[in-house]
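Letters A, B, ... are given to chains in the order of the sequence lines, protein chains preceding strands, and every chain is numbered from 1. Hydrogens, waters and symmetry mates play no part in the numbers below; they use all other heavy atoms, side chains included.
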Number of protein chains: 2
Amino acid sequence: MSSSRDQTVADGIRDRFQDLTRAERQLANAILANYPVSGLGSITALAEVSGVSTPTVVRMAKKLGFGGFPELQAALRAELEATISSPIAKHDRWAESAPDTHILNRFAEAVTENLRQTLRQIGIEEFDGAAALLRDRRRDVYVVGGRITRSLADYFFTHMQVIRSGLTLIAPNSNTWPHYVLNMKEGDVLVAFDVRRYEHDVLRLAETVTARGVKLILFTDQWGSPAAKLATHSFRVRIEAPSAWDSSVVTLFVVEALIAAVQTATWSETKERMRILEELFDQTKIFRKFV
Amino acid sequence: MSSSRDQTVADGIRDRFQDLTRAERQLANAILANYPVSGLGSITALAEVSGVSTPTVVRMAKKLGFGGFPELQAALRAELEATISSPIAKHDRWAESAPDTHILNRFAEAVTENLRQTLRQIGIEEFDGAAALLRDRRRDVYVVGGRITRSLADYFFTHMQVIRSGLTLIAPNSNTWPHYVLNMKEGDVLVAFDVRRYEHDVLRLAETVTARGVKLILFTDQWGSPAAKLATHSFRVRIEAPSAWDSSVVTLFVVEALIAAVQTATWSETKERMRILEELFDQTKIFRKFV
DNA sequence: TTCGATCTGAAACTATATTTTCAGAGTGGG
DNA sequence: CCCACTCTGAAAATATAGTTTCAGATCGAA
């Protein structure tokens with residue numbers, strides 16, 4: 001039964017998470033999301049905020065080794081009492097036991113700060129302007145990344161591809177780039193990622209294409225790629241991290257936000273494209289096999 | 001009635017203590033003695049520990065301006081929630097310029113919340129354990145991603161490749177996967193990314209390799225990939241976003257933090273590898289040309 | 001596809017919590 | 001001492017919480 005209680009209810013939930021069913025996981029997440037307060041109300045209230053039925057709550061309580069919901073709730077209260085009464089424990093209720101010096105926490109702080117600074121620097125017009133270019137179906141869009149940012153370019157490409165056609169991911173090998181340039185027409189858009197150490201090839205490409213009337217949307221870092229002066233819209237993202245490498249987390253954030261903005265603005269089309277995509281996946285499924 | 005609630009329940013009790021009767025004072029003291037936990041149980045339990053009757057509790061609740069005991073209790077829960085809420089959550093209105101409804105701000109809020117929740121759910125042992133596996137040079141490491149997460153797998157691979165040898169990025173086409181499995185030996189590590197919609201092929205791969213003694217490190221979402229039950233270490237990342245797609249920002253965060261942890265633990269070697277890498281870049285440069 | 005196994009929530013049911021009623025106990029003024 | 005008043009909790013009444021049952025939904029295997 002209920003494993004020797006040195007374990008908190010939260011620990012129990014995490015341990016047994018894999019044994020939980022869909023609805024139960026939804027519930028578990030709701031409990032953890034606002035722990036432990038959401039578990040201290042009535043079973044009805046908890047079921048409601050979790051979007052599940054009350055029987056599901058009871059079932060999960062039993063799965064976790066309690067006799068019923070009231071027992072689980074009593075355990076939560078007991079924990080709360082233990083935590084609150086001991087003056088030591090006040091701190092860190094969120095990251096549970098993670099000490100401040102743990103890399104996870106230091107990283108979290110750095111990223112939060114990066115996000116804050118970046119948001120402060122990005123102009124709304126800059127952002128909206130870029131989104132407008134990207135949703136313009138008359139413009140073809142090309143995407144290019146550098147050694148590190150290639151993954152981000154790829155991520156952007158994968159999502160944007162669902163939203164619109166006329167999208168090309170430029171291969172990493174710069175020898176092949178002239179072929180792409182050959183196809184670009186005035187008014188087309190190049191989305192480039194260039195963070196330190198700034199890559200010479202990317203700058204050259206930017207120079208070449210902007211000279212031919214192609215618009216440049218640039219993702220760079222707080223110091224600014226030399227290509228920034230050529231860009232129609234550029235995003236200077238803060239990328240500091242307690243690591244030997246810079247952090248791409250906030251860059252990905254801007255990428256996702258931009259994708260979301262374009263998607264929202266073209267929702268009716270995107271929706272249809274997503275539907276068709278689903279069908280295609282279903283049809284492809286029969287070809288796939290492994291082991 | 002109920003006085004303008006900036007006041008806590010405790011404040012209210014102290015303010016009106018003079019107006020309380022003997023039994024009510026006894027009750028009030030019991031509530032304050034173990035605040036707020038004793039107020040969070042049933043009215044019966046509270047009456048019992050206070051040594052008064054339940055009607056007394058109801059009467060005092062009304063005296064304090066609540067409609068009844070449940071209302072008082074709800075107020076206690078609300079206070080608790082406010083007290084407990086995390087340090088990260090205190091997002092000061094970012095850019096004054098950006099209206100709250102702008103997608104950038106909504107996205108930022110979602111991501112911040114995701115980060116907070118994810119930190120709460122990740123155990124440090126889980127994290128440190130994964131880092132330990134990854135820095136063990138006797139184990140070869142394989143990395144695989146799905147349709148969406150492929151970019152993340154790629155990002156992980158690119159960085160980890162600088163840190164250590166014996167690293168393989170598994171190609172997207174699952175037809176080729178058996179070839180990789182052929183090379184894996186007991187104790188090797190598979191780093192898999194699997195978020196909804198969970199991919200059957202990835203699950204199959206996980207089953208196959210874990211059966212052969214390969215350790216599985218899994219990045220999944222808050223609902224949990226079915227492969228989680230096979231994983232030695234798994235990270236459930238919250239990926240909600242105001243978008244048609246889920247957000248990978250926090251997943252990337254965990255990836256970067258993990259890379260940083262491994263890198264820190266093996267710094268002397270990593271440093272040397274980075275130095276050599278720089279040299280190699282310099283040497284290659286002379287071959288590269290564009291336009 | 002069909003079949004079986006699981007999962008799920010609506011609704012019936014049961015248990016408990018909460019409120020109300022009310023009579024007795026206490027108290028202080030006359 | 002009596003009366004009028006407040007206070008209090010037992011017990012009844014009511015409302016809500018919690019549990020169980022069960023039929024339909026869903027998912028995976030054959």
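- OP1 or OP2 of D/dG9 has at least one side-chain nitrogen or oxygen of B/Thr56 nearer than 4.0 Å.
- For the OP1/OP2 pair of D/dG18 and a distance below 4.0 Å, the side-chain nitrogens and oxygens of A/Lys62 include no atom meeting the criterion.
- Side-chain proximity of A/Pro55 to C/dG9, D/dG18, C/dT18: nearest is C/dG9.
- Among the candidates A/Leu46, A/Val37, A/Val49, the single residue satisfying the side chain to side chain contact (heavy atoms under 4.5 Å, CB included) test with A/Ile31 is A/Leu46.
- In this structure, B/Lys185 places its NZ atom where more than 12 heavy-atom neighbours from other residues, nucleotides or ligands lie under 6.0 Å away.
- Applying the 4.0 Å criterion to OP1 and OP2 of D/dA17, one finds that A/Thr44 has a side-chain N or O inside that range.
- Side chain of A/Gln263 to backbone of A/Ile259: no donor-acceptor contact under 3.5 angstrom is found.
- Between B/Arg22 and D/dT8, a side-chain N or O to OP1/OP2 separation shorter than 4.0 Å is present.
- The aromatic rings of A/Phe253 and B/Phe107 stand perpendicular to each other, their planes meeting at an angle above 60°, with 30° marking the opposite boundary.
- Side chain of A/Ala23, nearest nucleotide from D/dT8, C/dT18, C/dT8: C/dT8.
- Using a 4.0 Å heavy-atom distance criterion, A/Thr54 is classed as a base contact.
- Distances were taken from every side-chain heavy atom of A/Arg59 (C-beta onward) to each of C/dA17, C/dT8, D/dT19; the shortest belongs to C/dT8.
- Distance, A/Gln73 CD to D/dT19 C1': 15 Å, rounded to whole Å.
- Picking from C/dT20, D/dA17, C/dT19 the nucleotide with the shortest atom distance to the side chain of A/Ile43 gives D/dA17.
- Of the side-chain N and O atoms in A/Thr21, none sit less than 4.0 angstrom from OP1 or OP2 of C/dT6.
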